Undergrad: 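One structure coming up, written as structure tokens, with questions to follow.
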Amino acid sequence: MTRVLVMGDVMRDIIVRPAGPILRGTDQRAIIQTVSGGSGANQAAWLARFGAEVRFVGCVAAEDFEPEVKRMRLHGIEPALVPHPSFPTGTLVALVDADGERSFLTDRGANDGLSLHHLPDDVLDGIGHFHLSGYSFVGEATRETALWLLNRVREAAIPFSFDPGSVSLIREIGAAQVLAWTEGAAICVANADEACALTGFDDPNSQLDALIGHADLALIKRGARGCQAKSRDGSRWTVDAPAVDVLDTTGAGDVFFAAFLAARLASQSITLALDRAVAAGAQAVTIIGGWPTV
């Protein structure tokens with residue numbers, strides 16, 4: 001199978017499930033769990049679980065470097081991690097509503113400290129596909145590194161995929177700039193809100209029509225409504241999601257895309273890859289956190 005290089009965040013996710021509404025100035029009971037996270041790291045872990053060969057590049061605190069390397073290897077990921085001497089490993093607090101929807105508070109920490117000179121010389125050796133999380137565009141140093149890698153994979157004719165990751169990120173940087181940086185992607189995958197922010201359209205068909213001008217395949221994740229996709233040749237797909245009891249939607253989109261990409265890298269059809277992706281995403285919302293169990 002094609003070896004994938006994933007660039008993105010490593011986070012510690014603190015998942016908070018309050019027993020009721022937040023009570024300002026006093027206590028509210030909650031279930032609180034700390035799990036591994038980060039959109040890019042989630043995708044790398046699930047790609048490995050689904051059978052892909054994965055190398056991951058990211059940045060963590062120096063004191064967390066060895067444990068993170070060990071953890072990634074345990075999950076079948078080849079780590080190309082960088083230890084940052086002063087930034088902490090990224091931390092995210094996710095407040096999960098009763099219906100499983102999340103609100104985030106994020107300290108990006110070392111994720112914004114991946115400088116170009118930190119990259120291993122052999123980071124692209126043997127790589128047949130590059131996947132970039134849009135969160136890599138947030139910090140100036142990491143953005144420079146991401147853009148450098150995008151230029152290198154284009155020069156080497158290595159196909160790449162892109163997940164914008166966040167509506168707030170698109171708004172901060174600007175949709176036109178995000179699309180310009182990722183022009184020529186083999187796959188652009190976004191959720192419905194991100195697709196709206198990128199294109200200015202609410203209708204998924206219009207979103208697909210707009211995104212297909214920037215990628216060979218546009219893929220919109222629609223949560224409980226499944227997904228829709230369009231290829232540059234005009235082919236379209238719609239897949240409904242099964243009804244499940246939602247516990248936590250954290251990382252479900254990452255699982256969805258990992259299942260899709262792993263299937264495509266294994267030469268499965270787009271139809272089968274989408275079916276597998278929707279099934280994996282539906283299963284993901286029934287568990288806590290964004291990483292597979294070992």
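As the structure is a computational prediction, the values presented were derived from the model and not from experiment.
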Undergrad: Of the non-hydrogen atoms in Val167 and Ala197, which two are nearest, and what is the gap between them?
TA: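 Looking at all heavy atoms of both residues, the closest pair is CG1-CB, 4.2 Å.
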
Undergrad: Side chains of Leu132 and Leu150: does their closest heavy-atom pair fall under 4.5 Å?
TA: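 Yes, close enough: below the 4.5 Å cut-off.
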
Undergrad: Indicate the atoms forming the closest heavy-atom contact of Cys59 with Leu81, along with that distance.
TA: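 For Cys59 versus Leu81, the nearest heavy atoms are N-CD2, 4.4 Å.
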
Undergrad: Where the side chain of Ser115 meets the backbone of His117, is there a donor-acceptor pair that is under 3.5 Å apart?
TA: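 No; zero donor-acceptor contacts below 3.5 Å.
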
Undergrad: With a 4.5 Å cut-off on side-chain heavy atoms, are Phe256 and Leu219 touching?
TA: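 The answer is yes, as the side chains (C-beta and beyond) meet within the 4.5 Å cut-off.
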
Undergrad: Keeping the roles fixed (side chain from Thr142, backbone from Gly139), state whether a donor-acceptor pair exists under 3.5 Å.
TA: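 No, because the side chain of Thr142 does not come within donor-acceptor range (under 3.5 Å) of the backbone of Gly139.
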
Undergrad: I'd like to know whether Asp9 forms a salt bridge (charged side-chain N to carboxylate O under 4.0 Å, His left out) with Arg108, so could you lay out the CA-CA distance, the side-chain angles of the two residues, the decisive distance to 0.1 Å, and finally the verdict.
TA: CA-CA 8 Å; Asp9 288 358; Arg108 294 188 47 74; 2.7 Å; yes

Undergrad: Please check if the side chain of Arg154 supplies one atom and the backbone of Glu183 the other of a donor-acceptor pair under 3.5 Å.
TA: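 A pair under 3.5 Å: yes.
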
Undergrad: One thing to verify: whether Glu78 and Arg73 come together as a salt bridge, which I'm taking to mean a side-chain N less than 4.0 angstrom from a carboxylate O.
TA: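 Looking at Glu78 together with Arg73, the answer is no, because their closest N to O distance does not fall below 4.0 Å.
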
Undergrad: Could you check Arg232 against Leu217 for side-chain contact (heavy atoms from CB on, under 4.5 Å), going step by step and ending with a plain yes or no?
TA: CA-CA 6 Å; Arg232 197 178 288 275; Leu217 178 73; over 6 Å; no

Undergrad: Given 3.5 Å as the limit, does a donor-acceptor pair link the side chain of Gln177 with the main chain of Gly174, or not?
TA: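 No; judged by distance alone, with no hydrogens or angles, the pair does not exist.
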
Undergrad: Would His129 and Thr2 count as having a side-chain donor-acceptor pair, cut-off 3.5 Å?
TA: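 Note: His129 and Thr2 side chains miss the donor-acceptor criterion.
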
Undergrad: Is it true that a side-chain atom of Ser103 and a backbone atom of Leu95 form a donor plus acceptor pair closer than 3.5 Å?
TA: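 Here the side-chain-to-backbone pair does not exist.
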
Undergrad: May I ask you to check whether Thr182 and His214 show a side-chain donor-acceptor distance below 3.5 Å?
TA: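 Per modelled atom types, Thr182 and His214 side chains form no pair under 3.5 Å.
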
Undergrad: Check whether the ring centres of His84 and Phe65 lie less than 6.0 Å apart, and answer yes or no.
TA: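 Not under 6.0 Å, so no.
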
Undergrad: Could you tell me the separation between the CE atom of Met11 and the OG1 atom of Thr106, rounded to the nearest 0.5 Å?
TA: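 Separation between the atoms: 5.0 Å.
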
Undergrad: Roughly how far, to the nearest 0.5 Å, is the CD1 atom of Ile158 from the CG atom of Leu5?
TA: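 CD1 of Ile158 is found 8.5 Å from CG of Leu5.
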
Undergrad: Can you name the closest pair of heavy atoms from Val278 and Pro242 and give their distance?
TA: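 Nearest pair, atom of Val278 first, then Pro242: CG1-CD, 3.8 Å.
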
Undergrad: I'd like to know if the side chain of Thr199 reaches the main chain of Ala195, judged simply by a donor and an acceptor atom lying under 3.5 Å from each other, with no hydrogens or angles considered.
TA: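 Flag set: sc Thr199 to bb Ala195 pair under 3.5 Å.
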
Undergrad: Check the side chains of Gln228 and Arg222 for a donor-acceptor pair under 3.5 angstrom, ignoring hydrogens and angles.
TA: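 Result is yes, a qualifying pair exists.
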
Undergrad: Is a donor on one side and an acceptor on the other found under 3.5 Å between the side chain of Arg236 and the backbone of Ala229?
TA: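 Such a contact is absent between Arg236 side chain and Ala229 backbone.
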
Undergrad: Any side-chain heavy-atom pair from Ser231 and Asp216 closer than 4.5 angstrom?
TA: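 Ser231 vs Asp216: side chains apart.
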
Undergrad: So, does Thr145 use its side chain to make a donor-acceptor pair with the main chain of Ala141 at under 3.5 Å?
TA: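 Present.
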
Undergrad: Which atom pair, heavy atoms only, marks the closest approach of His131 to Phe162?
TA: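 Residues His131 and Phe162, closest heavy atoms: ND1-N, 4.1 Å.
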
Undergrad: Whether the Arg71 and Ser36 side chains hold a donor-acceptor pair (N or O, under 3.5 Å, no angle test) is what I'd like checked.
TA: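 Ser36 and Arg71 do have a side-chain donor-acceptor pair below 3.5 Å.
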
Undergrad: Answer yes or no: is there a donor N or O on one side and an acceptor on the other, between the side chain of Asp122 and the main chain of Asp125, under 3.5 Å?
TA: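 Such a contact is absent between Asp122 side chain and Asp125 backbone.
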
Undergrad: Begin from the C-alpha positions of Phe104 and Val93 and carry the test side-chain contact (heavy atoms from CB on, under 4.5 Å) through to its verdict.
TA: CA-CA 6 Å; Phe104 298 138; Val93 178; over 6 Å; no

Undergrad: Between Trp46 and Asp254, do the side chains contain an N or O donor and an N or O acceptor separated by less than 3.5 Å?
TA: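 No, no side-chain donor-acceptor pair sits under 3.5 Å.
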
Undergrad: Does the side chain of Tyr135 reach to within under 4.5 Å of the side chain of Asn111, using non-hydrogen atoms?
TA: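 Answer no - side chains too far apart.
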
Undergrad: Rounded at 0.5 Å granularity, tell me how far CE in Met7 sits from OG in Ser136.
TA: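 With rounding to 0.5 Å, CE (Met7) is 4.0 Å from OG (Ser136).
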
Undergrad: Report yes if some heavy atom in the side chain of Phe56 is under 4.5 Å from a heavy atom in the side chain of Val10; otherwise report no.
TA: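 The answer is yes, as the side chains (C-beta and beyond) meet within the 4.5 Å cut-off.
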
Undergrad: Would Leu211 and Leu179 count as a side-chain contact (heavy atoms from CB on, under 4.5 Å) if you check the C-alpha gap in whole Å, the side-chain angles of each, and the deciding distance to 0.1 Å?
TA: CA-CA 9 Å; Leu211 290 175; Leu179 291 172; 4.2 Å; yes

Undergrad: Between Asp13 (side chain only) and Ile15 (backbone N and O only), is there a donor and an acceptor less than 3.5 Å apart?
TA: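 Not a single qualifying donor-acceptor pair exists.
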
Undergrad: Will you find, in the side chains of Gln43 and Asp163, an N or O donor that is under 3.5 Å from an N or O acceptor?
TA: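 Yes, a side-chain donor-acceptor pair sits under 3.5 Å.
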
Undergrad: Is the shortest side-chain heavy-atom distance between Arg276 and Phe50 below 4.5 Å?
TA: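 No, their side chains stay 4.5 Å or more apart.
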
Undergrad: Would Asp112 and Arg143 pass as an ion pair if we require N to O under 4.0 Å?
TA: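 Answer for the salt bridge query: no.
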
Undergrad: Would Ser168 and Ser166 count as having a side-chain donor-acceptor pair, cut-off 3.5 Å?
TA: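 Indeed, the side chains of Ser168 and Ser166 share at least one donor-acceptor pair under 3.5 Å.
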
Undergrad: Which heavy atom in Ser161 sits nearest to a heavy atom in Leu261, and how many Å separate them?
TA: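 Here Ser161 and Leu261 meet closest at OG-CD2, 4.3 Å.
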
Undergrad: How far does CG of Leu265 sit from CZ of Phe260, to the nearest 0.5 angstrom?
TA: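 Between Leu265 CG and Phe260 CZ, I get 9.5 Å after rounding to 0.5 Å.
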
Undergrad: In the structure I gave you, are the side-chain heavy atoms of Leu198 and Cys196 within less than 4.5 Å of one another anywhere?
TA: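 No; the side chains remain at least 4.5 Å from each other.
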
Undergrad: Would you say that Lys230 contacts Trp237 through its side chain, given a criterion of any heavy-atom pair below 4.5 Å between the two side chains?
TA: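 Heavy-atom side-chain distance check fails, nothing below 4.5 Å.
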
Undergrad: To the nearest 0.5 Å, tell me how far Glu155 CD sits from Leu124 CG.
TA: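 Those atoms lie 10.5 Å apart.
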
Undergrad: In Å and rounded to the nearest 0.5 Å, what is the CZ to CD1 distance from Arg17 to Ile31?
TA: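 These two atoms lie 4.5 Å from each other.
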
Undergrad: Determine the interplanar angle of the Trp181 and Phe137 rings, folded into 0 to 90°, and report it as parallel if under 30°, tilted if 30 to 60°, perpendicular if over 60°.
TA: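 The arrangement is tilted - the two ring planes meet at 30° to 60°.
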
